[in-house]
Amino acid sequence: MRNEEIAKTLAAIGSFLEMDEVAFKPRAYARAAEAISNLEEETSEIYKKGGIKALEEIPGVGASIAEKIEELLKTGKLQYYEDLKKKHPINVAELSSIEGLGPKTMQLLYKKLGVKNLAGLEKAVKDGKIRKLPRFGQKSEEKIEKGIEAYHRHSGRFPIGEVAGLAESIKDMLWKVPGVSRVDIAGSFRRRKETVGDLDMLVISTRPKAVMDAFISQPDVIEVIAHGNTKSSVRLKIGIDVDLRVVNAESYGAALAYFTGSKPHNVAMRQMAQDKGWKLNEYGLFRKSGKGWIGLAGKTEEEIYEKLGLEYVPPEMREDLGELDLAAVHKLPRLIGYKDLVGDLQVQSNWTDGANSIEEMALAAEKMGYKYVAITDHTKRLAMAHGLDEAGLAKQGVEIDRVNKKLKGRIKVLKGTECDVLKDGTLDISDKTLAKLDIVGVSIHSYFDLPLKEQTARLERAMRNPNADIVFHPTCRLINKREPISIDMDRVIKVAKETGMVLEIDGIPDRLDLKDEYIRKAVEVGVKLSVDSDAHAIAHLPFASYGLAQARRGWAKRSDIVNTWPLERMKKMLKS
DNA sequence: GCCGTTTTCGGCCCGACTGTTTTCAGTCG
């Protein structure tokens, strides 16, 4: 049983318990569900390795829930859950994906109208039955109807690179509204999570109404979900929701921290405030004084962290994954900066499937401020990309020599390749040819569905080739499109450590591969990484910044990323 | 049901918006 299914089951239990008005347990189950769905490793693997004790190590999972997970893993069923389902024959997982529908509403719809699932809900809406329920009216019914439409249109999260342009354009639009003196995009976007579910915008304005009106009348708005004085919420054509909050300057920092999240990070922060007898909310940090509260901080995020005795935590680290412990002792790692790259180690040219010539790519890389760029075209197995063979690589080398001569002193073009890893782990270019190149990236483009053991052995063999330097996009995933290959990443990291192999963070928005969690594992054991754009055209070179964001989310320092280093040092680091 | 540098009992984040109510419950983030 996969994590997703376990999480869904636990979440459903939480909802059932909420219907029964059980105290505190619903949140406990919801938290456990959240924790499971955020795990990178499969719970079944954790259980296989460490048994029930290992399950209890998962934050939010205690003895009781661990037992229930064990039952699910062993039997594929859970009696406790089955009993609850018998009591409430409601498809909670399905219905809870409808915006605005919580456990209490589901229960009411079931009791009064017999609604058990989405199909039943759609029928009830169609028959106009919902508006007649107590506490319901025409508007509530319409809201549910719109929720159903939205569900059919889009359910899921967007890769951050796909909405970045949109987010920035809304920000620009808000800036132009009279009275606005600051705009930020908060939420998971600010934390640079690989995908975002919605966008949270924050503004300071002397004229809130003007901002709200401008916001809800943007051309792309297809629905206004909420429209108040301090908060509005809209749904855009592409299916993403955008929230906007207007706050005053005095509490801007508190609001920015609050709406940046993550939720667990915020909860932990608030707990810290509470432990001091203080209160932290989106308006500021307060201490009690007689009947009222006195503000301690709120204008900036920095002063809130400081008052709580914490080092300032960069947004990318705010996931409650240990950063607050380090912040409390002022030992946060100094994360790699967004301007620290001096080269790009994966770039394709029009010698294979790229759009631009080697010289054009080199000049564009120079404009990015880089000192070097590796041309890494595909190799022969990738026929669809017109991959190069040994002779092709030799010919390309001559052209690179020519460009280097021309651009001498401006930028250095490195001879590289994105060499295909064949099914058995051998490379599809001869060692003799590879040995002549500056940089050999290896990557998998076929047989994505080999079993774990075989796939891991395949990549390991490629990594042990003495000419191989970097593993490009190691897990081969495409966000929202293709699952990562089944591979033992602990093993890959270990082999990288042993062989001096570099692992890549590919910055293409729907790759972001390695992902943050694996980056952190690699960084912890001292495996070196590269952050590349994987550009197939000049316009793609800035993709590296998405890779940098993930590097920061993986707590990488400048020293962990080889293409922040000067050329000679970087080359020395590479194998042979 | 979980959790712990005030711990193994007694706490558990908190406020805005909506729709339908005349004071609040439900949902969301």
Side-chain angles (χ1 to χ4, degrees), chain A residues 10 13-15 17-19 21-35 55-69 80 95-109 130-144 146-147 186-188 196-202 208 212 224-234 241-247 251 254-255 257-286 293 309 320 324-325 328-329:
Chain A
L10 295 176
I13 292 174
S15 297
L17 293 171
E18 205 160 326
M19 292 177 192
E21 309 212 306
V22 177
F24 301 111
K25 288 190 192 184
R27 267 233 314 274
Y29 276 94
R31 279 191 54 204
E34 185 73 19
L55 294 180
E56 286 182 43
E57 293 295 307
I58 301 168
V61 176
S64 173
I65 292 183
E67 263 178 37
K68 292 184 170 71
I69 294 173
Y80 180 61
L95 288 177
S96 60
S97 47
I98 302 300
E99 162 104 40
L101 218 58
K104 293 285 170 64
T105 309
M106 285 180 217
Q107 189 180 33
L108 183 76
L109 291 172
I130 289 177
R131 68 182 72 182
K132 295 184 182 123
L133 295 174
R135 297 195 69 89
F136 278 75
Q138 190 175 341
K139 287 226 174 156
S140 340
E141 189 175 273
E142 277 167 12
K143 199 179 164 202
I144 290 176
K146 281 177 183 161
S188 49
V196 296
D198 58 15
L199 293 170
D200 295 287
M201 320 280 301
L202 217 56
M212 291 306 184
V224 178
I225 299 164
H227 184 194
N229 285 327
T230 62
K231 181 194 163 178
S232 289
S233 189
V234 297
D241 289 352
V242 188
D243 293 342
L244 173 67
R245 268 100 176 176
V246 177
V247 299
S251 48
Y258 181 81
F259 292 113
T260 295
S262 68
K263 204 164 152 187
H265 179 89
N266 286 349
V267 168
M269 291 265 290
R270 264 190 237 154
Q271 190 64 53
M272 292 172 110
Q274 213 182 38
D275 290 347
K276 294 179 193 288
W278 300 345
K279 178 174 86 167
L280 177 63
N281 58 26
E282 60 262 53
Y283 299 106
L285 180 65
F286 304 90
W293 294 90
D320 195 27
L324 286 171
D325 292 340
V329 292

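Every chain is numbered from 1 and lettered A, B, ... according to where its sequence line falls, protein lines coming before strand lines.
For the pair A:D243 CG and B:dG15 C1', the computed distance is 14 Å after rounding to whole Å. Per the geometry, CD belonging to A:E18 stands 12 Å off C1' belonging to B:dC28, to the nearest Å. One atom, CD1 of A:I69, and another, C1' of B:dC2, lie 13 Å apart when rounded to the nearest Å. Atom CZ of A:R135 and atom P of B:dT27 are 11 Å apart (whole Å). When rounded to the nearest whole Å, the span between CD1 of A:I13 and C1' of B:dG1 equals 11 Å. Taking atom CD of A:E57 as the reference point, atom C1' of B:dC2 lies 14 Å away to the nearest angstrom. Taking atom CH2 of A:W293 as the reference point, atom C1' of B:dC14 lies 12 Å away to the nearest angstrom. Residue A:L285 contributes atom CG, which lies 14 Å from atom C1' of B:dC14 at whole-angstrom precision.
Judged by closest nucleotide on DNA chain B, A:A23 is the one of A:Y283 and A:A23 placed further toward the 5' end. Nearest-nucleotide mapping onto DNA chain B: of A:R245 and A:K25, the residue sitting toward the 5' end is A:K25.
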Under 3.5 Å, N/O pairs linking protein and nucleotides 8-12 of chain B:
unit_1 : atom_1 : unit_2 : atom_2 : d
B:dC12 : O3'    : A:R27  : NH2    : 3.3

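Between atom CG of residue A:L244 and atom CZ of residue A:F259 there is a gap of 10.0 Å, rounded to the nearest 0.5 Å. Here A:E56 contributes atom CD and A:I65 contributes atom CD1; the two are 10.5 Å apart, rounded to the nearest 0.5 Å. Atom CD1 in A:I58 sits 5.5 Å away from atom CD1 in A:I69 (nearest 0.5 Å).
Salt-bridge check for A:D243 with A:K231: failed, with every basic side-chain N at 4.0 Å or more from each acidic carboxylate O. The pair A:E21-A:K104 meets the salt-bridge criterion, since a charged nitrogen lies less than 4.0 angstrom from a carboxylate oxygen.
Considering only side-chain N and O atoms, A:K279 lies under 4.0 angstrom from the phosphate OP1 or OP2 of B:dG15. Within the 4.0 Å cut-off from OP1 or OP2 of B:dC17, not a single side-chain nitrogen or oxygen of A:K231 is found. At B:dC14, none of the side-chain N or O atoms of A:N281 fall inside 4.0 Å of OP1 or OP2 (strictly under the cut-off). At the phosphate of B:dT20, OP1 or OP2 sits under 4.0 Å from a side-chain N or O atom of A:S140.
Contact annotation for A:P103: backbone-only contact, meaning every heavy-atom pair under 4.0 Å involves sugar-phosphate atoms and none involves a base. Contact annotation for A:V22: no contact, since no heavy-atom pair falls under 4.0 Å across all strands. Within the nucleic acid shown, A:A63 comes within 4.0 Å of sugar-phosphate atoms alone, with no base atom in reach, counting heavy atoms only. No contact: A:P134 has no heavy atom under 4.0 Å from any strand. Using a 4.0 Å heavy-atom cutoff across all strands shown, A:L101 reaches sugar-phosphate atoms only and no base atom. The residue A:Q138 sits close only to the backbone: its heavy atoms come under 4.0 Å of sugar-phosphate atoms, none of a base. Residue A:N229 is in sugar-phosphate contact alone, with no base atom involved, counting any heavy-atom pair closer than 4.0 Å across all strands shown. If you check every strand for non-hydrogen atoms under 4.0 Å, A:K276 touches nothing.
In this view, A:E282 satisfies the salt bridge (Lys or Arg N to Asp or Glu O under 4.0 Å) rule with no residue, not counting sequence neighbours. A:E67 pairs by the side chain to side chain donor-acceptor pair (under 3.5 Å) definition with nothing, not counting sequence neighbours. For A:D325, the side chain to side chain donor-acceptor pair (under 3.5 Å) criterion is met by no residue, not counting sequence neighbours. Listed by chain and residue number, nothing satisfies the side chain to side chain donor-acceptor pair (under 3.5 Å) test with A:N229 (two or more places apart in sequence, or in another chain).
Listed by residue number, A:Y258, A:K263 are the residues of residues 258-268 of chain A with a heavy-atom contact under 4.0 Å to DNA chain B.
A 4.5 Å side-chain heavy-atom check between A:Y29 and A:K68 finds at least one atom pair inside the cut-off. Contact check for A:S140 versus A:R135: no side-chain heavy atoms found under the 4.5 Å cut-off.
Taking atom P in both B:dC9 and B:dG15, one finds a spacing of 31 Å when rounded to whole Å. B:dT20 and B:dG26 are spaced 11 Å apart, taking the C1' atom of each and rounding to whole Å. Taking atom C1' on both B:dT22 and B:dC28, the two are 24 Å apart, rounded to the nearest angstrom. Comparing the C1' positions of B:dG1 and B:dT5 gives a spacing of 24 Å, expressed to the nearest Å. For B:dG10 and B:dC17, the C1' atoms lie 33 Å apart once the distance is rounded to whole Å. Across B:dG11 and B:dT18, the matching C1' atoms stand 31 Å from one another, rounded to whole Å.
Here the nucleotide nearest the side chain of A:D275, chosen from B:dT20, B:dT6, B:dG1, is B:dT6. You'll find that the side chain of A:I65 is closest to B:dC2, out of B:dG29, B:dC2, B:dG15. Nearest to the side-chain atoms of A:T105 among the listed nucleotides B:dG15, B:dT18, B:dT27 stands B:dT27. Residue A:H227 has its side chain nearest to B:dT18 when only B:dG1, B:dT6, B:dT18 are considered. The nucleotide whose nearest atom lies closest to any side-chain atom of A:T230 is, among B:dA16, B:dT27, B:dG29, B:dA16. Side-chain atoms of A:A28 lie closest to B:dC2 of the nucleotides B:dT27, B:dC2, B:dG15.
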| message | Assess the residue pair A:L109 and A:L133 against the criterion (side chain to side chain contact (heavy atoms under 4.5 Å, CB included)); give the C-alpha distance rounded to whole Å, side-chain angles, the decisive distance to 0.1 Å, and a yes or no. | response | CA-CA 8 Å; A:L109 291 172; A:L133 295 174; 3.6 Å; yes
### Query
Where do A:Y258 and A:N266 land on the side chain to side chain contact (heavy atoms under 4.5 Å, CB included) test, with the steps shown first?
CA-CA 7 Å; A:Y258 181 81; A:N266 286 349; 4.3 Å; yes
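Across all strands shown, nothing is found opposite B:dT8 as a Watson-Crick or G-U wobble partner with both distances under 3.5 Å.
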